[in-house]
Amino acid sequence: MKDSKRMPFKIVETKKEMDIFKEIWLSVCDEKTFESEEFHSKKTGIHFLFPNRDGEYVGTAEIGRYIPNDHSTVQYYYDFSKLHYIQESQEHVYEIDKVCIKPEYRSQGLLENMIYAFLFHHKLFQSKYYVSAIESIFYKALTRVYKIPLIQVEEEEKKKQQFNNFFLHPVHLNPSIYLNSLQNEGNAQININYLEEIINACRIGITRGE
């Protein structure tokens with residue numbers, strides 16, 4: 001189990017933290033020739049910063065309300081609102097975007113921290129679905145190593161899209177299915193007890209006004 005004394009992520013609360021978030025994300029955009037979409041506001045999204053072992057922030061992730069044809073950051077890649085189960089759960093659908101790690105800190109376990117942040121968000125908001133457009137290498141790690149049941153969209157031509165020198169997979173995920181698999185089958189990387197420690201620590205922080 002990870003060190004329970006250190007939170008695996010920090011929720012952005014201040015302008016300074018948001019500036020750090022943007023600096024990390026935009027530097028990785030330059031590296032990978034991504035084009036950055038707009039950022040969610042505090043009203044529609046949550047931004048996560050991920051520290052390395054020394055406490056320096058080296059990664060980011062954004063989770064926001066999926067609002068088709070409005071503030072969505074993934075709508076360009078696929079119109080998920082066409083899927084009937086997304087339509088039926090519209091108030092409980094979120095999009096995951098701006099997931100990145102500085103190149104020198106990849107393969108150091110930070111991806112696991114991002115999964116904990118996603119599961120924390122699910123527990124906090126009782127989400128029903130997440131949608132995203134995921135880089136091909138990231139997609140393989142999530143499905144093969146962490147066994148996350150990502151579902152690619154049905155249309156063959158949309159399963160993998162090329163942009164400049166990288167590929168994106170439009171995917172969606174039912175978080176309850178993944179959480180159930182962790183509880184019933186376990187996973188060497190993701191620990192349910194540690195997730196509960198994170199949630200309880202956040203609740204204590206909220207109660208104390210931290």
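Transitive grouping of hydrophobic side chains (ILVMFWY, heavy atoms separated by less than 4.5 Å) brings Ile101 and Met7 into a common cluster. In the hydrophobic cluster analysis, where Ile, Leu, Val, Met, Phe, Trp and Tyr join through side-chain heavy atoms closer than 4.5 angstrom, Val145 is grouped together with Tyr139. In the hydrophobic cluster analysis, where Ile, Leu, Val, Met, Phe, Trp and Tyr join through side-chain heavy atoms closer than 4.5 angstrom, Tyr129 is grouped apart from Ile151. Residues Ile86 and Ile177 fall into different hydrophobic clusters, defined by Ile, Leu, Val, Met, Phe, Trp and Tyr side chains chained together at heavy-atom separations under 4.5 Å. Hydrophobic clustering (side-chain heavy atoms under 4.5 Å, transitive across Ile, Leu, Val, Met, Phe, Trp, Tyr) groups Leu150 together with Phe138.
For Gln87 (side chain) and Ser81 (main-chain N/O), a donor-acceptor pair under 3.5 Å exists by modelled atom type. Remark: side-chain polar atoms of Glu88 are not paired, donor with acceptor, to backbone N or O of Leu83 under 3.5 angstrom. Counting only distance, with no hydrogens or angles, the side chain of Glu62 and the backbone of His40 share a donor-acceptor pair below 3.5 Å. Using a distance-only test at 3.5 Å, with no hydrogens or angles considered, no donor-acceptor pair links the side chain of Ser136 to the main chain of Phe167. Side-chain atoms of Gln152 never come within 3.5 Å of backbone atoms of His169 as a donor-acceptor pair (strictly under, hydrogens ignored). A donor-acceptor pair is defined here as one N or O able to donate and one able to accept, closer than 3.5 Å; such a pair exists between the side chain of Lys42 and the backbone of Glu13. For Tyr105 (side chain) and Pro51 (main-chain N/O), no donor-acceptor pair under 3.5 Å exists by modelled atom type. Using a distance-only test at 3.5 Å, with no hydrogens or angles considered, a donor-acceptor pair links the side chain of Asn52 to the main chain of Asp54.
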- Message: Run the side-chain contact (heavy atoms from CB on, under 4.5 Å) test on Lys98 and Ser36 for me, step by step, so that the C-alpha distance in whole Å, both residues' side-chain angles and the decisive distance to 0.1 Å come before the verdict.
- Response: CA-CA 8 Å; Lys98 300 178 180 65; Ser36 179; 4.2 Å; yes

- Query: Between Ile46 and Phe120, does a side-chain contact (heavy atoms from CB on, under 4.5 Å) hold up when you go through it step by step?
  - Reply: CA-CA 12 Å; Ile46 293 180; Phe120 164 80; 5.8 Å; no

- Intermediate values then yes/no, salt bridge (Lys or Arg N to Asp or Glu O under 4.0 Å), Glu196 and Lys123: CA-CA 10 Å; Glu196 292 302 323; Lys123 286 279 193 173; 3.6 Å; yes

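Two rings, from Tyr130 and His121, have their centers less than 6.0 Å apart.
The CG atom of Leu179 sits 10.0 Å away from atom CG of Asn174, with the distance rounded to the nearest 0.5 Å. Atom CD of Glu112 and atom CG of Asn191 lie 10.5 Å apart (nearest 0.5 Å). Rounding to the nearest 0.5 Å places CG of Leu173 at 4.5 Å from CZ of Phe118. From Ile137, atom CD1 reaches atom CG of Leu142 across 12.0 Å, with rounding to the nearest 0.5 Å. Between atom OG of residue Ser132 and atom CZ of residue Phe80 there is a gap of 7.0 Å, rounded to the nearest 0.5 Å. Taking CZ of Phe125 as the reference point, atom NE2 of His92 lies at 12.0 Å (rounded to 0.5 Å).
A heavy-atom distance below 4.5 Å is found between the side chains of Glu135 and Leu168. No side-chain heavy atom of Met114 sits less than 4.5 Å from a side-chain heavy atom of Phe48. Using a 4.5 Å heavy-atom cutoff, the side chains of Phe9 and Ile198 are in contact. For the pair Tyr78/Val171, no side-chain contact is recorded, criterion being any heavy-atom separation below 4.5 Å from C-beta on. With a 4.5 Å cut-off on side-chain heavy atoms, Leu195 and Tyr116 count as touching. Between Ser72 and Tyr66 the shortest side-chain heavy-atom distance falls below 4.5 Å. You'll find the side chain of Gln189 stays beyond 4.5 Å of the side chain of Ile115, heavy atoms only. Side-chain atoms of Thr60 and Leu49, non-hydrogen and from C-beta on, do get closer than 4.5 Å to each other.
By the 6.0 Å and 45° rule, Lys22 stacks over the aromatic ring of Phe39.
In this structure, a donor-acceptor pair under 3.5 Å is present between the side chains of Tyr85 and His172. Side chain to side chain, His47 and Glu17 fail the donor-acceptor criterion of an N or O pair below 3.5 Å. Of the N and O atoms on the side chains of Glu37 and Tyr77, at least one donor lies less than 3.5 Å from an acceptor on the other residue.
Asp79 meets the salt bridge (charged side-chain N to carboxylate O under 4.0 Å, His left out) test with no other residue; sequence neighbours excluded. Judged as a salt bridge (charged side-chain N to carboxylate O under 4.0 Å, His left out), and not counting sequence neighbours, Lys16 has no contacts.
We find that Lys102 and Glu31 are not joined by a salt bridge, their nearest charged nitrogen and carboxylate oxygen being 4.0 Å or further apart. The existence of a salt bridge linking Lys147 and Glu185 is excluded, since no basic side-chain nitrogen approaches an acidic carboxylate oxygen closer than 4.0 Å.
In terms of heavy-atom proximity, Gly59 sits nearest to Ile24 at N-CD1, 4.1 Å. Shortest non-hydrogen contact noted between His122 and Ser127 is ND1-OG, 3.0 Å.
Heavy atoms from other residues, nucleotides or ligands lying under 6.0 Å from CD of Glu38 number 12 at most. The 12-atom threshold is exceeded at CZ of Arg106, counting heavy atoms of other residues, nucleotides or ligands nearer than 6.0 Å.
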